[in-house]
Amino acid sequence: MPGQALPGFREFYPEETALRSHIFKVWRDVAARYGFDEYDGPPLEPLELYTAKSGEEIVDQLYAFHDKAGRAVALRPEMTPTLARMVAARAQALKKPIRWFSIPQLFRYERQQRGRLREHFQLNMDLIGEPGPLADAEIIAAAIDVQRGLGFGPDDVRVRIADRRVVYALLVHAGVADDAMGTTYTVLDKFEREPRKKLHDRLTAAGLESAVADRALAVGAIRDRATLSTALGELAAGPDVGDDLFACMDALDAMGLGEFADIDLSIVRGLAYYTGIVFEVFDAPRSLRAICGGGRYDGLLKALGGVDLPATGFGMGDVVLSELVRARATRDHTGPRLDTFLIAVTAEDVAPVLELGHVMRDAGRSVEFALKAQSMGKQLKLAAARGARRAVIVGPDERAAGAAIVRDLDAGTEERVAFERLKQ
RNA sequence: GUGGCUGUAGCUCAAUUGGUUAGAGCGCCGGACUGUGGCUCCGGAGGUUGCGGGUUCAAUUCCCGUCAGCCACCCCA
């Protein structure tokens with residue numbers, strides 16, 4: 001045995017490649033329907049592209065090394081810094097809002113687990129230059145339409161939506177001090193994975209008073225508009241901080257996608273750079289990791305050394321999505337069928353079969369034939385195993401008549417067809 | 001990076017209290033079948049029992065290490 005692939009790296013056998021291609025096709029179809037243009041960048045980038053904003057500690061999460069010229073480089077773990085650089089370089093010339101998407105293969109040096117590898121493909125869709133909630137709704141709608149395109153409905157996948165500004169305002173109102181805000185976000189992020197008491201303990205351990213912790217957890221428990229409206233109504237600053245979130249939900253309703261979306265204030269997203277509406281897509285039973293995560297990141301592009309443009313977008317990986325598609329078997333994602341399997345009855349029929357086969361291939365058909373002398377039974381067996389639609393049999397009798405036997409392998413019916421017709 | 005669980009054929013799994021040549025189904029190859037596939041029957045290939053060491057007369061079985069997978073933590077692309 002020549003060993004095996006590195007841990008966390010996949011080999012794609014034809015069946016898996018077919019599934020991947022299917023997912024990529026849905027991704028590109030949806031992106032195109034939303035008017036997004038595809039871009040790409042280098043898979044290997046200067047290390048400082050990632051350490052600049054995330055700090056040195058990110059290095060042990062990366063595939064980072066020195067190239068032969070001594071440059072510190074890293075396999076890209078995310079696409080946003082590259083996107084920021086590319087947009088910045090042409091910011092003046094690009095018509096806003098910018099709608100761009102990409103399907104990069106990303107790398108992270110982490111211990112792998114189910115649904116989480118050291119390499120994956122990720123659909124990135126970003127809408128840059130528009131700060132309003134309709135841009136967020138557009139991005140979320142695209143994420144939902146990918147699910148629909150893969151055959152999933154509201155009973156299969158759910159989108160959970162929150163707004164960082166709303167969560168922040170409510171937490172401030174609950175009495176959470178600014179210096180405890182980060183910890184509180186982390187705790188809210190674990191809202192459904194840990195018992196309430198443990199979450200409470202974490203908050204008090206972070207210095208929150210018990211009553212404040214209770215109020216903070218009550219914020220994370222908000223799951224519907226009515227409760228959110230009530231909570232917002234108590235704010236001294238006024239309830240308008242929730243306007244964008246409500247507008248976004250309204251837009252999704254208007255698009256007919258409201259059935260997929262839930263308000264969920266425990267969604268905060270770990271990353272500090274999110275500034276507004278944030279969302280995650282999960283399988284409905286929540287048995288797998290997140291399918292997709294994203295949100296608004298106004299300010300990030302500027303912080304990355306680029307231009308000061310508002311932006312919203314998401315990343316959707318292929319690993320969890322593949323598992324879901326496979327598990328639900330929502331669609332046959334095998335490749336296109338073989339059109340014709342040519343059968344040579346005797347050795348003298350091989351050359352005519354080669355000629356006919358190549359003419360048919362030139363005409364655009366997919367054609368195979370046995371690569372060694374075999375009985376017709378064997379050849380038909382191979383044709384069936386290859387999934388061919390039809391077998392075209394060429395023997396001495398057929399050559400004499402100038403017409404081959406065309407056998408429909410699904411129906412089992414046969415008919416004689418002139419060679420000239422087969423070549424068309 | 002830390003901890004727990006698990007590693008037998010390509011896949012799913014067997015193998016008495018540690019016992020002599022590690023089995024089965026599916027899949028794969030060949031034959032029955034030299035002018036008609038799917039079915040059936042027969043045969044075959046394929047294992048350093050993840051790897052290394054230890055205990056023992058004897059290890060797939062017990063112990064240690066290591067690697068890999070899964071789970072939790074960390075982190076969340």
Side-chain angles (χ1 to χ4, degrees), chain A residues 1 3-11 13 15 50 53-55 57-63 74-83 102-124 126 185-186 189-190 193-194 198 202 267-274 278 280 287-295 297 313-320 341 343-347 349 370 372-399 404-414:
Chain A
M1 293 293 275
Q4 51 184 340
L6 289 167
F9 284 78
R10 296 170 290 176
E11 293 172 313
Y13 285 83
E15 191 181 331
Y50 306 112
K53 200 68 200 95
S54 308
E57 65 277 6
I58 197 178
V59 174
D60 19 276
Q61 308 264 71
L62 301 180
Y63 268 92
L75 290 170
R76 61 186 174 196
E78 56 167 326
M79 201 58 177
T80 307
T82 301
L83 171 66
S102 189
I103 304 180
Q105 187 174 22
L106 305 177
F107 306 86
R108 269 182 98 112
Y109 195 87
E110 291 181 321
R111 182 179 290 209
Q112 70 157 323
Q113 281 182 43
R114 182 182 180 194
R116 174 162 210 188
L117 309 174
R118 288 181 165 180
E119 145 277 320
H120 73 155
F121 292 90
Q122 188 186 67
L123 170 64
N124 276 249
D126 291 278
Y185 282 158
T186 304
D189 194 50
K190 301 177 188 301
R193 277 181 292 149
E194 290 186 5
K198 190 169 179 184
R202 283 178 183 271
I267 298 294
V268 293
R269 305 285 299 154
L271 293 178
Y273 57 69
Y274 285 111
V278 290
E280 293 183 347
S287 56
L288 300 173
R289 295 168 190 280
I291 295 166
C292 166
Y297 54 96
F314 68 77
M316 183 187 299
D318 71 312
V319 180
V320 173
F341 195 101
I343 292 176
V345 178
T346 70
D349 304 312
K372 63 182 178 185
Q374 283 181 316
S375 69
M376 191 189 306
K378 260 282 197 284
Q379 295 184 66
L380 275 169
K381 199 170 290 191
L382 184 53
R386 298 294 291 144
R389 290 181 203 284
R390 58 177 189 166
V392 172
I393 299 166
V394 179
D397 299 346
E398 285 71 28
R399 280 189 288 120
I405 295 176
V406 175
R407 180 179 179 84
D408 184 310
L409 290 173
D410 295 327
T413 56
E414 291 185 354

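Just so it is clear, the model here is predicted, and its values are computed rather than measured. Each chain gets a letter, A, B and so on, in the order the sequences are listed, and its residues count up from 1. Every heavy atom of this structure was used, including side-chain atoms; hydrogens, water molecules and symmetry mates were not.
- The interatomic distance linking A:Glu78 (CD) with B:C75 (P) rounds to 16 Å, in whole Å.
- When the C1' atom is used for both B:G50 and B:A45, the distance is 23 Å, rounded to whole Å.
- Between A:Glu194 and A:Arg202 a salt bridge is recorded (basic side-chain N to carboxylate O distance below 4.0 Å).
- With hydrogens and angles ignored, a donor-acceptor pair closer than 3.5 Å exists between the side chain of A:Arg116 and the base of B:C75.
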*asked:* Working note: A:Gln122 + A:Ile103, criterion side-chain contact (heavy atoms from CB on, under 4.5 Å); need CA distance, chi angles, decisive distance, verdict.
replied: CA-CA 5 Å; A:Gln122 188 186 67; A:Ile103 304 180; over 6 Å; no
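- The distance between atom CG of A:Asp189 and atom P of B:C73, rounded to the nearest whole Å, is 11 Å.
- Using atom P as the reference point in both B:G46 and B:C71, the two lie 35 Å apart (nearest Å).
- Distance noted for atom P between B:C41 and B:G25: 11 Å (whole Å).
- A:Arg108 comes within contact range of at least one nucleobase, with a heavy-atom separation under 4.0 Å.
- Judged by distance alone, the side chains of A:Arg76 and A:Gln105 never bring a donor and an acceptor atom under 3.5 Å apart.
- Between the CD atom of A:Gln374 and the C1' atom of B:C29 there is a distance of 12 Å, given to the nearest Å.
- Once rounded to the nearest 0.5 Å, the distance linking OH of A:Tyr50 with CG of A:Leu75 reads 8.5 Å.
- One P atom belongs to B:U21, the other to B:U61, and the distance between them is 15 Å to the nearest Å.
- Along RNA chain B, the nucleotide nearest A:Pro77 and the nucleotide nearest A:Gln113 are compared for position; the residue whose nucleotide lies closer to the 5' end is A:Gln113.
- OP1 or OP2 of B:C74 has at least one side-chain nitrogen or oxygen of A:Lys190 nearer than 4.0 Å.
- Comparing the P positions of B:C42 and B:G47 gives an interatomic distance of 24 Å, to the nearest angstrom.
- For the pair A:Tyr274 OH and B:C76 P, the interatomic distance rounds to 11 Å; values are reported in whole Å.
- Protein atom OH of A:Tyr297 is 17 Å distant from nucleotide atom C1' of B:C76, rounded to whole Å.
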*So what does the secondary structure string of RNA chain B come out as, 5' to 3', with Watson-Crick or wobble pairs under 3.5 angstrom, [ ] for crossing and | for pairs with another strand?*
(((((((..((((.....[...)))).(((((.......))))).....(((((..]....))))))))))))....
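- Between the P atoms of B:U48 and B:C75, the separation comes to 41 Å (whole Å).
- The CG atom of A:Leu123 sits 4.5 Å away from the CZ atom of A:Phe314 when rounded to the nearest 0.5 Å.
- Whole-Å rounding puts the A:Arg386 CZ to B:C28 P distance at 12 Å.
- Nucleotides B:G1 and B:A58 are separated by 41 Å at their C1' atoms, to the nearest Å.
- Between A:Arg116 and A:Glu110, at least one side-chain nitrogen of the basic residue sits less than 4.0 Å from a carboxylate oxygen of the acidic one, meeting the salt-bridge criterion.
- Nucleic acid contact for A:Leu117: base, since at least one base atom lies under 4.0 Å from a heavy atom of the residue.
- The residue A:Gly294 sits apart from the nucleic acid: no heavy atom pair falls under 4.0 Å.
- In this structure, A:Asn124 and A:Met316 have side chains that are not in contact, with every pair of non-hydrogen atoms separated by 4.5 Å or more.
- No side-chain N or O of A:Asp189 forms a donor-acceptor pair with one of A:Thr186 less than 3.5 Å apart.
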*Take A:Tyr109 and A:Leu62, measure what side-chain contact (heavy atoms from CB on, under 4.5 Å) needs, and give me the verdict at the end.*
CA-CA 5 Å; A:Tyr109 195 87; A:Leu62 301 180; 5.8 Å; no
Under 3.5 Å donor-acceptor pairs involving side-chain atoms of residues 386-394 of chain A, not counting sequence neighbours:
| from | atom 1 | to | atom 2 | distance (Å) |
| --- | --- | --- | --- | --- |
| A:Arg386 | NE | A:Glu368 | OE1 | 3.1 |
| A:Arg386 | NE | A:Glu368 | OE2 | 3.0 |
| A:Arg386 | NH2 | A:Glu368 | OE2 | 2.8 |
| A:Arg390 | NE | A:Thr340 | OG1 | 2.8 |
| A:Arg390 | NH2 | A:Thr340 | OG1 | 3.3 |

*Reading nucleotides 32-41 of chain B from the 5' end, what letters show protein touch, with B for base, S for backbone sugar-phosphate only, - for no heavy atom under 4.0 Å?*
--SBBBB---
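- Spacing between B:U60 and B:U6 at atom C1', rounded to whole Å, works out to 14 Å.
- Centroid-to-centroid, the aromatic rings of A:Phe9 and A:Tyr63 come within less than 6.0 Å.
- Note on A:Lys198: nothing from the nucleic acid sits closer than 4.0 angstrom, heavy atoms only.
- Rounded to an integer number of Å, the gap from OH of A:Tyr13 to P of B:C28 is 16 Å.
- What separates CG of A:Asn124 from P of B:A77 is a distance of 11 Å, to the nearest Å.
- Counting non-hydrogen atoms under 4.0 angstrom, A:Arg193 reaches a base of the nucleic acid.
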